[in-house]
Structures are given as C-alpha cells and as structure tokens.
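In what follows, a structure is listed as structure tokens, so that the remarks can point back to it.
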Number of protein chains: 2
Amino acid sequence: MSNGAATRVRRSREKILAAAEQVFLHSGFLGANMDAIAETASVSKQTVYARFQSKEALFLEVIAAMTGGAARAIGEHTEDALDDSPVRDYLTAVALDQLSIVMTPRLMQLRRMVIGEAERFPELGRSLYENGPLVSIRRIARALGHYISIGQIRECDPHLAATQFNWMVMGAPTNAAMLLGDSGIPSQSELHAHALEAVRIFLSAYGVPST
Amino acid sequence: MSNGAATRVRRSREKILAAAEQVFLHSGFLGANMDAIAETASVSKQTVYARFQSKEALFLEVIAAMTGGAARAIGEHTEDALDDSPVRDYLTAVALDQLSIVMTPRLMQLRRMVIGEAERFPELGRSLYENGPLVSIRRIARALGHYISIGQIRECDPHLAATQFNWMVMGAPTNAAMLLGDSGIPSQSELHAHALEAVRIFLSAYGVPST
DNA sequence: ATCAAACTGGACTGTCCAGTCTAATCAATA
DNA sequence: TATTGATTAGACTGGACAGTCCAGTTTGAT
C-alpha cells in the first residue's frame, strides 16, 4: 500500500476537526484556545498547524463542515417523494423532519456561535442561512407550486407561503433555543404538537376549503 | 447646590455606558477592549474602573440597561387601550408596533450578542427572553382572552395562540436579521406587508367566521 | 484662597495566547 | 536496516489586554 502516511494525515485531521468543533462550540472563536484544541484532539500543537494555516482557517473549516453536514441531512429527508400524498400529510412530514433534524443541541450551538460571530465573519451567517432555511423554503415552495396546480392549495406566491410556513414551524422553537440555551429546546412531544398546529393554521389560511 | 461632584459622576457614568454599548455591540464581550471603551467615552481608564468593578460588571450593566429599555418601549405602546376595537385592528396594531420597535439595528445587535454569549452568560439570554418575547406574548394572550370572551376569537388556549401569533409575526424577520446582519432587516414596507399577512393567517385559523 | 473629590495620562504588572522553533521519536516503505 | 515523512513535547517570542498605581490637574463648594 502506498497510503500509510496519507492515512495518518487524514486521521489526525479528523481528530483535530472533531476537537475543534467541540471547543469552538463551547467557547466561541475568541474564547477557544489552540492548546486546548490540540490537547482535546490528543495531538501536538505542531500537528494542528501542519494541517491548518491558522486558528481562523480551522474555525472556518469547522463551520463549513457543520453547515454542509446539516444541509445534506435536510436534503436527504423528504426527498419530494411525497408529491402525490395529500398536502396535509406532506406538510406534516416536512415539519416533523425539519424539527427533528434541526432542533438538536449541536446545531443550536452552531447557530448561536454563527450569530455571535456575525459581525466578525458575516459570510458564515449568509452561508448558514442559504444552506439551511433557504434550502428548506425552496423545497417547500416547489411542493406548494405543485399543490396549487392540483388545486389543493389556493392561488398564491409559493415562495412567500413557504416562507410563512417555514417560520411558523421553526420560529418559536428556534428562538427559544437561541436565548434559553439547550434547555430551551422543546421536548419531542411539544415539537410534535407544535408541528401539527402549524400545519393546521397554515392550511386554514392557504388550504382549499373542499379538501 | 450640593451636587457638583454627583453630577460629574453621573455624566461620566453615562458617557461610559454609551461608549461601552457601542464597543460591546460591535466587538462582543471578549473582543471588546477596555482602553477602547475609555477612549470612546473620552474618559480615562481609571474613571471607568472607578465606576465599574470590572469588564464583566460593565458588560452586564450595559446589557441590563438595553434589555430594560427595550422592555419599557414595548410596554409603553399598545397599552391594552384597544380592547374594544375589532380583533383584526388590535392584532395589526400590535404586530406593527412590535416590528417597528424591535427590528432596529441596535436591538438586533443586542440580540446577536446575547445569543453569542449565551454559554458564558446564560442569565442574559433568559432575561432578554423574559423581558422581550414573553412580555409581548403575555400581553397578547390577555387580549386574546378578552376577544374569546366576546366571541371574536374561537375557543382555544390564549397563551398558545399568542405564542403562535407572536412568532408568526417576529420569526421570519428576526431570524433573517440574526444570520444576515443588519442588511437582513426587512424594509418598512416589507415588514408592513408581512404583518398584514400574519394577521390574515392567524385570523383564518383562530377567527370566528361570522365577523 | 482652600479643600476634597473627581479626573487625567501614562507607565507598569501579570497573564494569556497565537504561532514558531528545535531536537528527538515513531511508523511505514523499500 | 535505512530512509523518509509525520508526529511529539515543550520551550520560546511577541503582542494584546485587564486591571493597578502614581503623580499631577481640574472642578466645584465653602
């Protein structure tokens, strides 16, 4: 095999990323300490700097990896397959999926940190917005377009309606989690009830009476 | 007069608080620099430490003052006086008021900072939550209770309904502003349209058909 | 004019930390 | 076994910064 060294490099790289994620999420960018990251990764500081140019570069990679991971997770679920089920079922499934994927301590910590660093690293906020909420909204808008065309949803701007729906579902839990910490994340059953209620409200405004 | 010195003390105190607000909002707790605060306040560092025990104490006072100020601003408006106007008018007024008070760069920066420091200073997040959203929700819940009793709103849990309404109004703009920075704050006309639509949706779900 | 409290500028201390350097060790290949 | 590249421990540099100290000045009241 000609990959002995390469494997070692990849492994230490991953250990460092995992450690950095943990430390950064807990302490923020300025509060994090490169010695602590190296120690958490069980790696020498030198190795950290062999893999990553600087604290800032490491930080950006950690955030990019987490943001990308979350986007992929959202993308995998609910892959439009439900197009021929009733609107109510589709919306309910989307709402539950999103809540269960996003409302985790890890992603809420990521979000808190990105918001906190929005002044220093504005591109992170934009990236998280575009890879998170915006992706979901676009997907929902596409589905709503379909449901409008088959008469299960009133005529309306699908993107606006999708935006409304998205934040009806995500707004309350997200904001509570932002300000109250992980203990502000609602329980599974609360989230479930909240999702059903959001769908009910949305359909009573945008649904077609007949159905 | 026996207040010469006292006046001076109060004035320098206010200059320091104003400067600290500016610097902290821009750089966060760790990123802020006490020398910069003193210089911005046109005051010597010594004076800063004569008024405030430490960086942390100053930070906490700044946040407390801003949080309290915002809470007061929300409290002053919409002082329940609208109890005998139609629900639609009341909800519209509340929504517009809240958006215009809260969706300002200054309060959005405060919110970003509190979220970013949620790990270090959890009590700030709780305080902002209780003095902000929770106050509004309670007020709306009280009003909804009234409207339920006079038959303009369906039977329901007023607190839950108020929570839904609050986040339908505030969720989308707030979250955009958190991740996208001040440029993510919607324009006045967008906010206006958004408020009207939120009221429409809410009433189609919770309103009484007759009216 | 005198006094006391507030204030100033700036030097100073101690600490923390990003990033570098060195000399030695370890692991895989050939 | 010899070579090569990855890794390690830990010392070190330089800069930033919270908080203190001091010696002198300003301010307002008596």
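Letters A, B, ... are given to chains in the order of the sequence lines, protein chains preceding strands, and every chain is numbered from 1. We use all heavy atoms of the structure for the numbers below, so side chains are in, but hydrogens, waters and symmetry mates are not.
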* To do: Please work out which of the three classes, parallel, tilted or perpendicular, describes the rings of B/Phe29 and B/Phe121, given edges at 30° and 60°.
  => perpendicular
Between the CG atom in B/Leu110 and the CG atom in B/Leu124, the distance rounded to the nearest 0.5 Å is 9.0 Å
When rounded to whole Å, the CZ to C1' distance for the pair A/Arg11 and C/dA27 reads 11 Å
Item to complete: Report yes or no: does A/His194 contribute a side-chain atom to a donor-acceptor pair with the main-chain N or O of A/Pro186 at less than 3.5 Å?
Response: no
To the nearest angstrom, the CD1-P distance between B/Ile16 and C/dA6 comes to 13 Å
Please write out the pairs of protein N or O atoms and N or O atoms of nucleotides 15-17 of chain D separated by less than 3.5 Å, giving the distance to one decimal.
residue : atom : partner : partner atom : Å
D/dC17  : OP2  : B/Asn33 : ND2          : 3.0
D/dC17  : O5'  : B/Asn33 : ND2          : 3.4

Requested in this report: For residues A/Phe165 and A/Tyr206, establish whether the separation of their ring centroids is below 6.0 Å.
Outcome: no
In B/S/- notation (B base, S sugar-phosphate only, - none; protein heavy atoms under 4.0 Å), nucleotides 7-12 of chain C written 5' to 3' is SBB---
Table of protein N/O atoms under 3.5 Å from nucleotides 2-4 of chain D N/O atoms:
none

Rounding to 0.5 Å, atoms CG (A/Leu91) and OH (A/Tyr147) come to a distance of 7.0 Å
I'd like to know if the side chain of B/Glu130 pairs up with that of B/Ser127 as donor and acceptor (distance under 3.5 Å, no hydrogens or angles considered). no
In short, A/Ala141 meets A/His159 closest at the heavy-atom pair CB-CA, 3.9 Å
Whole-Å distance, A/Tyr49 OH to C/dC17 P, equals 12 Å
Q. Do we see a donor-acceptor contact under 3.5 Å between the side chains of A/Asn175 and B/Arg111?
A. yes
The reported gap from OG1 in B/Thr174 to CG in B/Leu179 (rounded to nearest 0.5 angstrom) is 11.0 Å
B/Ile37 atom CD1 is separated from D/dG19 atom P, nearest whole Å, by 11 Å
Quick one: does A/Glu61's side chain have a donor or acceptor within less than 3.5 Å of a partner on A/Leu58's backbone? no
